[in-house]
Amino acid sequence: MKNVYFDLATVVNENLHTERVDLVARRLRQIGLERILFGSDTPVLDRPRPLQAWATSRRRIPLSDDELRVIASNAAPYMP
């Protein structure tokens, strides 16, 4: 599983219940924040744009600023 990464881009939205958002934070920590990527390459009309999705994730997921910085600075290892 050393090459498995997870994308957080559209996991959390305004309608997700607080209990689920708390569960997302717990799971992110269990997986390891260094394995969490934020990004999206799907321009779907009914989904928020990446910057808006990131702002929602930052606001809704109960992670510290340091934890969020880890996620923000992650890049897939195959990306130069």
Side-chain angles (χ1 to χ4, degrees):
M1 298 295 292
K2 71 178 185 171
N3 295 318
V4 175
Y5 291 81
F6 298 86
D7 181 352
L8 181 63
T10 59
V11 172
V12 175
N13 60 44
E14 298 295 344
N15 300 320
L16 194 62
H17 293 287
T18 302
E19 298 82 25
R20 287 288 190 178
V21 176
D22 292 341
L23 179 60
V24 167
R26 284 196 308 275
R27 295 295 185 242
L28 293 175
R29 290 179 180 120
Q30 281 180 321
I31 291 166
L33 298 176
E34 67 282 352
R35 294 191 172 278
I36 308 301
L37 305 173
F38 189 90
S40 175
D41 60 355
T42 55
V44 179
L45 296 177
D46 64 339
R47 291 193 179 165
R49 295 184 180 271
L51 188 56
Q52 181 184 3
W54 175 245
T56 300
S57 294
R58 287 193 62 162
R59 187 171 68 317
R60 299 272 338 267
I61 302 173
L63 296 174
S64 70
D65 287 341
D66 287 338
E67 290 172 314
L68 289 165
R69 247 186 304 282
V70 169
I71 294 170
S73 65
N74 288 340
Y78 51 83
M79 298 297 287

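- If you chain together hydrophobic residues whose side chains sit under 4.5 Å apart, I61 and L23 never meet in one group.
- More than 12 non-hydrogen atoms from other residues, nucleotides or ligands lie less than 6.0 angstrom from CZ of R29.
- Between the N74 side chain and the L37 main chain, no donor and acceptor come within less than 3.5 Å of each other.
- Between I71 and W54, the closest side-chain pair of non-hydrogen atoms falls below 4.5 Å.
- The shortest side-chain heavy-atom distance between Y5 and D7 does not fall under the 4.5 Å cut-off.
- Taking all atoms of both residues into account, the shortest heavy-atom contact from T56 to E14 is OG1-OE2, 3.5 Å.
- Under the 3.5 Å distance criterion, the side-chain polar atoms of R35 are matched with a main-chain donor or acceptor of V4.
- With a 4.5 Å cut-off on side-chain heavy atoms, S57 and V11 do not count as touching.
- Nearest approach of G32 to I36, heavy atoms of both residues: O-CG1, 3.7 Å.
- One finds the CG atom of N13 at 12.0 Å from the CZ atom of R20 (value rounded to the nearest 0.5 Å).
- Interatomic distance, R60 CZ to N15 CG, rounded to the nearest 0.5 Å: 8.0 Å.
- With contacts defined as side-chain heavy-atom distances shorter than 4.5 Å, the pair R58/L63 does not qualify.
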